[in-house]
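Every chain is numbered from 1 and lettered A, B, ... according to where its sequence line falls, protein lines coming before strand lines.
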Amino acid sequence: MAFAPIVEVVKEIKAHIETLNEGERPNPELKESLNLKLKAFGNVRVSGRLAVPPRVMGKAAFVHLSDGKNRLQIYVRKQDAHVISNDNLQPIEDENAAWDVFKLLDHGDFIGAEGFLFLTNTGELSVHVETLQFLSKSLLPMPDKLHGIADPELRRRFRYADLIASSLQVEHEGLTTREVFERRAKLISGMRRFLDDAGYIEVETPMLTPKATGAAATPFETHHKALAIPLYARIAPELYLKRLTVGGFEKVYELNRNFRNEGLSHKHNPEFTMLEFYCAYMDVNGMMDFAEAMLKESVNKATGGSLAVNYDGKEIDFSKFERISMKEAIAKYWQFGSFEDEEIGGESLDDFEKSLQVAGFVWRMWAIYSDGLNHLRATNASPEAIEVKKSELNNQYKENAWKNGKSNAFHLINLPPDFNLNNLTTLQKENIKAKMITYVFEEIVESQIINPTFIIDYPKSISPLSKASPENPNIAERFELFINGMEVANGFSELNDPQEQFERFVDQVKEREGGDAEAMVLDEDYIRALAYGMPPAAGIGIGIDRLVMLLTNKHSIRDVILFPHMRPEKKEGEKAGEGESETES
RNA sequence: GGUCCGAUAGCUCAGUCGGUAGAGCAAAUGGCUUUUAACCAUUGGGUCGAAGGUUCGAGUCCUUCUCGGAUCACCA
């Protein structure tokens, strides 16, 4: 069937319709002449799901067929239609058979139809059915055609029904569920293409690993029966990918799932998709340049040609990437301007004692600040009132908070207030300071970042896999990319010195023994791999789900994962309180 | 785990001051040969999330619980 000429004919009527006032019908003569042209194209065969209940008018009916994305109207007239028997695939002789079959159809059933194209009185392209065939039945009722499925839980739990609903729904705000996942697919294919074109090789590394390394997280644990050993679902592919750079894959990437046994939230799902890639002979700055270029191009592809997306009423502009150090960001985004700025920003965080005080101060201020402001917001206070409250809080608490800063800081790292500072080793002090700076950063800065921003100059002690800066041994050559308050990517110059990597692991093990469940475990085989020599390299991990959230204006990660983790479904009858639920926890 | 909001027909939701349980859509039946959220008529459909309490009387007020959502905390 020649498709392009049909599109031309339809264009003509559409152009005509645009000149009409509301409710006015197209010119009958024009419609008839176009219908002659359409009929000349011959018959078309279409199939799909009944997207709406059939609109039956005595001896004729209209109904839309859906292919899951688009819909096409068909017109069935009793006297014109024949039906194909599913027993022998021959037309049924009885002239009422087609109409009898058609009247049995329900919203959601699948049919095939053959007939000629025409334009209706309102100018809609339709198929005038001459032959129809029943294909399959929908036993359950279709989701509401107006509202779709409103309950977010049911949408996620019954994603198949949600997808049907999003294709049937007459009105909807924002992207349909299907469009969300199409956009996700475009983003991912855009990233793959960008990396492939740049000479990267895609690999698959183990999902089940003897050690959960490469990130700081609690793993899922399972058991290998034949070997009688524990195995862990991977929390990151990082160390395997870097083993591959040792093996000569100079540019390598993996785009796949990671698993972390942690709490669920609007931005955490137990399994999530991460793109990690590594490039030999590149450093952290080169990686930021490359990642920025890749994100711009793949976002552009995903959105169909735009770098600015609307998120929750805010505009996020992917054409503007900033780079700023962690300490500069803290000074920049500190909102209590009347406090001595020099104490909060920059240099004070380099001093151990002061970093404790600053962190404790921020903890105190932020707690009071958010309590006070939430209270005001709850009472619908004016912006002016909020400003007044802010400076009031500032004056009221800054002295006490500052004095109490140090003991507050102990609270943050779970140390008793009478802990003896003099017993701390230099390393411990460095670790505590790093945690304090990171804490202050997270409290003050994170939520205020909207446009893509690379935060650079991370403390070394919380970056056990990244290379230290040649200028400052306490700083790592590392960045994280924040967008709209969310951490989206994390990258660094890879530490490739086996001796230093071993020592860093040992430090992590000490942290772990000291009660930090987040610290990494030692991976001896990885040290051995490094001992064969790893080229200098930079690497990055990009959280795909979170990026998709930003590009689709979704506030929950579960809305960008087709089948997100859900609580097990309750069985029928459990709610009645009958049956054997004694063993339930 | 804290706080707030919610749960009423298959779906989306009303339900006033505590006084007989409602609408639209969906379903079923009948009518209608260019409709499109088709239309018109008729019919069926409910342990008001669960349990307890106050009351002459509870969908409505109180307590506890279950489930869900938002948010905070936790968590790269």
Student: Could you give the distance separating B:rU47 and B:rG22 at their P atoms, to the nearest angstrom?
Tutor: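 Their P atoms lie roughly 15 Å apart.
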Student: Restricting to non-hydrogen atoms, name the atom on A:Pro54 and the atom on A:Leu105 that form the minimum distance, rounded to 0.1 Å.
Tutor: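 Taking every non-hydrogen atom into account, CG-O, 4.2 Å.
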Student: Would you mind reading off the distance between A:Glu271 atom CD and B:rC75 atom C1', rounded to a whole angstrom?
Tutor: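 My rounded result for the distance is 17 Å.
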Student: Roughly how far apart, to the nearest Å, are B:rC48 and B:rA9 at atom P?
Tutor: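 One P to the other, the span is 10 Å.
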Student: For the pair made of CD in A:Glu262 and P in B:rG1, what is the distance, rounded to whole Å?
Tutor: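 It is 18 Å, rounded to the nearest whole Å.
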Student: With rounding to the closest Å, how many angstrom separate the C1' atoms on B:rU8 and B:rA58?
Tutor: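 Each nucleotide's C1' atom is 14 Å from the other's.
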Student: In whole angstrom, give me the gap between the C1' atoms of B:rU54 and B:rU60.
Tutor: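 The same atom, C1', in both gives a distance of 14 Å.
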Student: Rounded to whole angstrom, note down the P distance from B:rU71 over to B:rG15.
Tutor: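 Those two atoms are separated by 26 Å.
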Student: For A:Arg546 and B:rC75, what is the distance between atoms CZ and C1' respectively, to the nearest whole Å?
Tutor: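 Atom-to-atom, A:Arg546 to B:rC75, this comes out as 9 Å.
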Student: Of A:Tyr458 and A:Gly123, whose nearest nucleotide on RNA chain B comes first from the 5' end?
Tutor: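 Residue closer to the 5' terminus by nearest nucleotide: A:Gly123.
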Student: Quickly work out the A:Leu154 CG to B:rG69 C1' distance and round it to whole Å.
Tutor: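 Distance, rounded to whole Å: 12 Å.
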Student: A:Lys314 and A:Asn484: which non-hydrogen atoms are nearest, and at how many Å?
Tutor: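 For A:Lys314 and A:Asn484, the tightest heavy-atom pair comes out as NZ-OD1, 3.1 Å.
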Student: Would A:Lys14 and A:Glu18 pass as an ion pair if we require N to O under 4.0 Å?
Tutor: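 No salt bridge links A:Lys14 with A:Glu18.
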Student: Compute the centroid of each ring, for A:Phe321 and then for A:Phe454, and state whether the two points are separated by less than 6.0 Å.
Tutor: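 Yes - the distance between ring centres of A:Phe321 and A:Phe454 falls below the 6.0 Å cut-off.
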Student: Please state the C1' separation for the pair B:rG59 and B:rG49 - nearest whole angstrom.
Tutor: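 The answer is 12 Å between these two C1' atoms.
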Student: Tell me what A:Arg558 touches on the nucleic acid: a base, only sugar-phosphate, or nothing, going by heavy atoms under 4.0 Å.
Tutor: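 Here A:Arg558 touches the backbone only, sparing every base.
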Student: Taking NZ from A:Lys267 and P from B:rC75, how many angstroms apart are they, rounded to a whole number?
Tutor: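 Going from NZ in A:Lys267 over to P in B:rC75 covers 12 Å.
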Student: Without decimals, in angstroms, what is the distance between A:Arg155 CZ and B:rC11 P?
Tutor: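 It works out to 16 Å between those atoms.
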Student: Using atom C1' in both nucleotides, what's the gap between B:rA38 and B:rA51 to the nearest angstrom?
Tutor: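 Each nucleotide's C1' atom is 47 Å from the other's.
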Student: Mind checking which stems touch RNA chain B? I mean at least 3 consecutive Watson-Crick or G-U pairs, both distances under 3.5 Å.
Tutor: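 Runs of three or more consecutive pairs: B:1-7 with B:66-72, B:10-13 with B:22-25, B:27-31 with B:39-43, B:49-53 with B:61-65.
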Student: Is any side-chain nitrogen or oxygen of A:Arg55 closer than 4.0 Å to OP1 or OP2 of B:rU35?
Tutor: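 Result: no.
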Student: A:Ile462 or A:His555: which one's nearest nucleotide on RNA chain B is closer to the 5' end?
Tutor: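 Going by which nucleotide is closer to the 5' end, it is A:His555.
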Student: Using the C1' atom on both, measure B:rC61 against B:rG19 and round to a whole Å.
Tutor: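 It works out to 15 Å between them.
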Student: Checking A:Ser325 side chain against A:Asp457 main chain: does a donor-acceptor pair fall under 3.5 Å?
Tutor: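 Checking the backbone N and O of A:Asp457 against the side chain of A:Ser325, no donor-acceptor pair under 3.5 Å is found.
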Student: Output yes when A:Asp162 and A:Arg159 qualify as a salt bridge under the 4.0 Å nitrogen-oxygen rule, no when they do not.
Tutor: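 Yes.
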Student: Verify the ring-centre separation between A:Phe62 and A:Tyr75: is it less than 6.0 angstrom?
Tutor: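 Centroid distance A:Tyr75-A:Phe62: below 6.0 Å, so yes.
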Student: Answer with yes or no after comparing the ring centroid distance for A:Phe441 and A:Phe482 against a 6.0 Å cut-off, counting only values under it.
Tutor: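 Yes - the distance between ring centres of A:Phe441 and A:Phe482 falls below the 6.0 Å cut-off.
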Student: Are A:Arg234 and A:Glu271 within salt-bridge range, i.e. N to O under 4.0 Å?
Tutor: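 Salt bridge between A:Arg234 and A:Glu271, a charged N being under 4.0 Å from a carboxylate O: no.
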Student: Spell out protein contact along nucleotides 25-34 of chain B as letters: B when the base is contacted, S when just the sugar-phosphate is, - when no protein heavy atom is under 4.0 Å; keep the 5' to 3' order.
Tutor: SS-----BBB
Student: Does the pair A:Lys211/A:Asp523 count as a salt bridge with the N-to-O cut at 4.0 Å?
Tutor: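 A:Asp523 and A:Lys211: not salt-bridged.
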Student: In this structure, how many angstroms lie between the C1' atom of B:rA38 and the NE2 atom of A:His64, rounded?
Tutor: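 Answer to the nearest Å: 12 Å.
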Student: What integer distance in Å separates A:His565:NE2 from B:rG68:C1'?
Tutor: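 Between C1' of B:rG68 and NE2 of A:His565: 15 Å.
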